[in-house]
Amino acid sequence: MDVLFKKGVSSVKSPVKIIIFKTTSPQQVYPNRMMFVVPKKIFKRANKRNLLKRRMREAFRLNKQLFYERINEREIKCISALIYTGNQLSDYSEIEKAVVYLLSNVVNKIK
RNA sequence: AACGCAGGUAGAACUACCGCUGUAAGGAAACUUAUAGAGGAAAGUCCGGGCAACGUAGGGAAAUCCGCCUUGUGAAAACGAGGGUGCAUCAGCCAACAGUUGAUGUAACAGAAAGUGCCACAGAAACCAGGUAGCCACGGUAAAAACUUAGUUUUUAUUUUGGUGAUAGUGAAAAUGUGGGGUAAGAGCCCACAAGUAUUGUUAGUGAUAACAGUAUUUGGAAAACCUCGGAUGUUGAAAAGCCAAAUAAGUUGCGGUAAUUAAGUUUCCCGCUUAUUACCGAAAGGUAACCGCAAUGGGUAGGCUGAAUAGAUAAAUGGUAGUUUAUAUUCUUUCGCUUGCGAGAGAAAGAAACAGAACCCGGCUUAUAUACCUGUAUUAAAA
RNA sequence: GGUCCCGUAGUUCAACUGGAUAGAAUGUCAGAUUCCGGUUCUGACGGUUGGGGGUUCGAAUCCCUUCGGGAUCA
């Protein structure tokens with residue numbers, strides 16, 4: 001996880017940020033491992049953090065097919081993190097737009 | 001009726017598709033099927049338990065919590081009902097105050113008359129009253145006046161000693177208040193009335209307590225300062241605790257065993273050194289003081305399961321989208337009634353948005369809460 | 001999950017076991033000094049003592065409640 005945040009490639013589309021890193025670990029079977037983060041400093045209440053994490057997870061779940069195709073094209077395996085950086089609660093539709101944009105564009109940035 | 005405040009109750013339902021966590025069954029596996037899946041506060045952690053380890057003859061100290069009475073629930077903390085007492089507000093009686101009656105609200109409601117300490121500034125004094133000024137008495141000194149011619153008496157000033165707690169107006173608070181007697185001056189010193197406290201008795205009441213009578217007494221505030229009294233609690237908390245796995249090495253020190261040492265000298269002991277001796281190695285010269293066990297030190301290991309639950313176990317699931325219905329704010333259309341801009345009915349549109357997310361489990365307390373309903377109440381408006 | 005501690009001018013700290021206008025340094029502003037600026041000197045401003053309630057004659061201090069921040073455990 002430390003490696004991800006130090007060496008990973010990041011991309012921002014408000015209110016979500018993505019960090020991705022190409023891994024060479026042989027233990028990983030799946031094409032990608034995703035982590036969802038909502039900072040406690042901005043959202044003090046646990047129910048709001050839960051709500052945002054659920055929305056981000058749902059958006060990723062419905063749109064991950066496209067993301068996996070692009071990864072498989074390049075024949076690599078990744079670990080990545082979705083971080084919520086906004087200050088306010090956003091609707092599901094806003095989050096979904098941001099997540100789709102990031103998933104489609106971030107793969108090209110990997111070296 | 002509107003709106004505000006306080007308290008209480010509830011804290012929408014259903015369908016489809018795609019998913020999430022646990023459990024069970026099936027399957028080689030991928031996975032499939034069935035079933036269960038957040039709250040009134042899950043929150044704060046302010047209390048009390050269960051449970052676990054350690055401790056425990058009995059008693060005490062310390063520490064923490066509780067504190068009017070009766071009664072109900074409870075394992076206990078605590079909560080409910082009724083009552084008592086104090087305080088506050090409002091109303092009635094009264095010209096007014098005081099007092100009393102009623103209603104409502106409220107109380108960390110045992111003890112300040114066991115003890116220690118505190119009460120700034122101001123004030124004589126903030127609690128054994130009495131240093132100061134004042135007042136009063138006897139005496140001394142000085143001056144003046146009167147009578148009488150030698151002193152006496154009176155007044156004033158000053159002062160020693162004694163008495164006094166009326167006067168001192170400061171403070172949040174000043175030693176119970178008023179009146180009279182009494183006295184050199186005064187004082188609960190005495191008396192009357194009133195107020196308070198303690199205590200005894202009688203009556204009423206289960207009791208807190210109340211009423212009456214007697215006796216004693218006048219003793220500020222604060223216990224949310226320490227503390228005293230009565231009651232309860234052994235201490236520490238699931239990072240407790242149990243089991244499995246892994247690890248507990250080398251070195252150093254001490255004690256003991258075996259043939260693997262012993263003795264003397266060096267100022268008493270230890271270390272070290274010297275000499276002799278014992279054992280082992282070596283052809284000799286010479287070299288070495290082993291090895292094993294226990295304890296300490298030293299460092300090393302530090303993962304999993306149980307605890308654990310018919311929601312659930314290790315970053316933690318309980319969701320997303322679409323639609324329907326309902327409570328309901330709002331808007332529009334329309335019918336009826338008349339008070340002519342309100343009320344009642346019908347239809348359409350829109351339509352769940354509060355506080356908030358279990359982590360060992362229960363019981364209380366506290367705090368946060370859109371909207372609806374219920375109870376109480378302040379204000380405003382209308383009618384009688 | 002448990003236990004404990006701390007919140008005071010813009011900033012860093014005081015205020016003794018409750019006693020008065022909450023103080024000091026620094027910062028800010030104004031004035032003086034200087035040709036101008038700095039330094040220096042003088043003065044002023046700046047506080048709901050985190051919020052709310054209670055005890056008390058009196059609360060930054062004691063008690064209750066709440067908000068925020070921090071430490072610690074094997």
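Rounded to whole Å, atom P of B:U321 lies 14 Å from atom NZ of A:Lys97. The interatomic distance linking A:Leu51 (CG) with B:U318 (P) rounds to 11 Å, in whole Å. As a whole-Å value, the separation of A:Arg49 CZ from B:A43 C1' is 13 Å.
The side chain to side chain contact (heavy atoms under 4.5 Å, CB included) search around A:Leu52 returns A:Val38, A:Phe43, A:Tyr84, A:Leu89, A:Ile95, not counting sequence neighbours. Partners of A:Glu58 by salt bridge (charged side-chain N to carboxylate O under 4.0 Å, His left out), not counting sequence neighbours, listed by chain and number: A:Arg61.
Spacing of C1' atoms, B:A279 relative to B:A250, comes out at 28 Å, to the nearest Å. The P atoms of C:C29 and C:G46 are separated by 16 Å, rounded to the nearest whole Å. Taking the P atom of each, B:C5 and B:A110 are spaced 36 Å apart, rounded to whole Å. A distance of about 45 Å separates the C1' atoms of B:G37 and B:C332, rounded to the whole Å. As rounded to the nearest Å, B:C189 and B:A166 have P atoms that lie 10 Å from one another. Between B:A175 and B:G220, the two C1' atoms lie 8 Å apart (nearest whole Å). Nucleotides B:A381 and B:C342 are separated by 15 Å at their C1' atoms, to the nearest Å. Comparing the P positions of C:U28 and C:U11 gives an interatomic distance of 15 Å, to the nearest angstrom.
Nucleotide B:C332 is matched to B:G347 when pairs are restricted to Watson-Crick or G-U wobble geometry with both distances under 3.5 angstrom. Base pairing analysis places B:A110 opposite B:U228; the two distances defining the Watson-Crick or G-U wobble pair are each below 3.5 Å. With a 3.5 Å ceiling on both atom-pair distances, B:G186 lacks any Watson-Crick or G-U wobble partner. Nucleotide B:G179 forms a Watson-Crick or G-U wobble pair with B:C191, both donor-acceptor distances falling under 3.5 Å. When both pairing distances are held under 3.5 Å, C:A44 makes a Watson-Crick or G-U pair with C:U28. Pair assignment for B:G282 gives none, since no Watson-Crick or G-U wobble pairing has each distance under 3.5 Å. The nucleotide B:A146 finds its pairing partner in B:U152, both defining distances of the Watson-Crick or G-U wobble pair being shorter than 3.5 Å. With a cut-off of 3.5 Å on both Watson-Crick or G-U wobble distances, the partner of B:A370 is given as none.
Anti is the conformation of C:C63, whose glycosidic angle sits further than 90° from 0. With its glycosidic angle within 90° of 0, B:A38 is assigned syn. B:G188 shows a glycosidic angle within 90° of 0 and is accordingly assigned syn. Syn is the glycosidic conformation of B:G40, whose angle stays within 90° of 0.
For the residue pair A:Val16 and A:Leu102, the shortest heavy atom distance occurs at O-CD1, 3.7 Å.
A:Val12 and A:Val99 end up in different hydrophobic clusters when Ile, Leu, Val, Met, Phe, Trp and Tyr side chains are linked at under 4.5 Å.
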List, with names and distances, any nitrogen or oxygen atoms from the protein found under 3.5 Å away from nitrogen or oxygen atoms belonging to nucleotides 16-21 of chain B.
from, atom 1, to, atom 2, distance (Å)
B:C18, O2', A:Arg61, NH1, 2.9
B:C18, O2, A:Arg61, NH2, 3.1
B:G19, O4', A:Arg61, NH1, 3.3
B:G19, O2', A:Arg61, NE, 3.0

What protein N or O atoms touch nucleotides 37-39 of chain B N or O atoms at under 3.5 angstrom, if any, and at what distances?
none

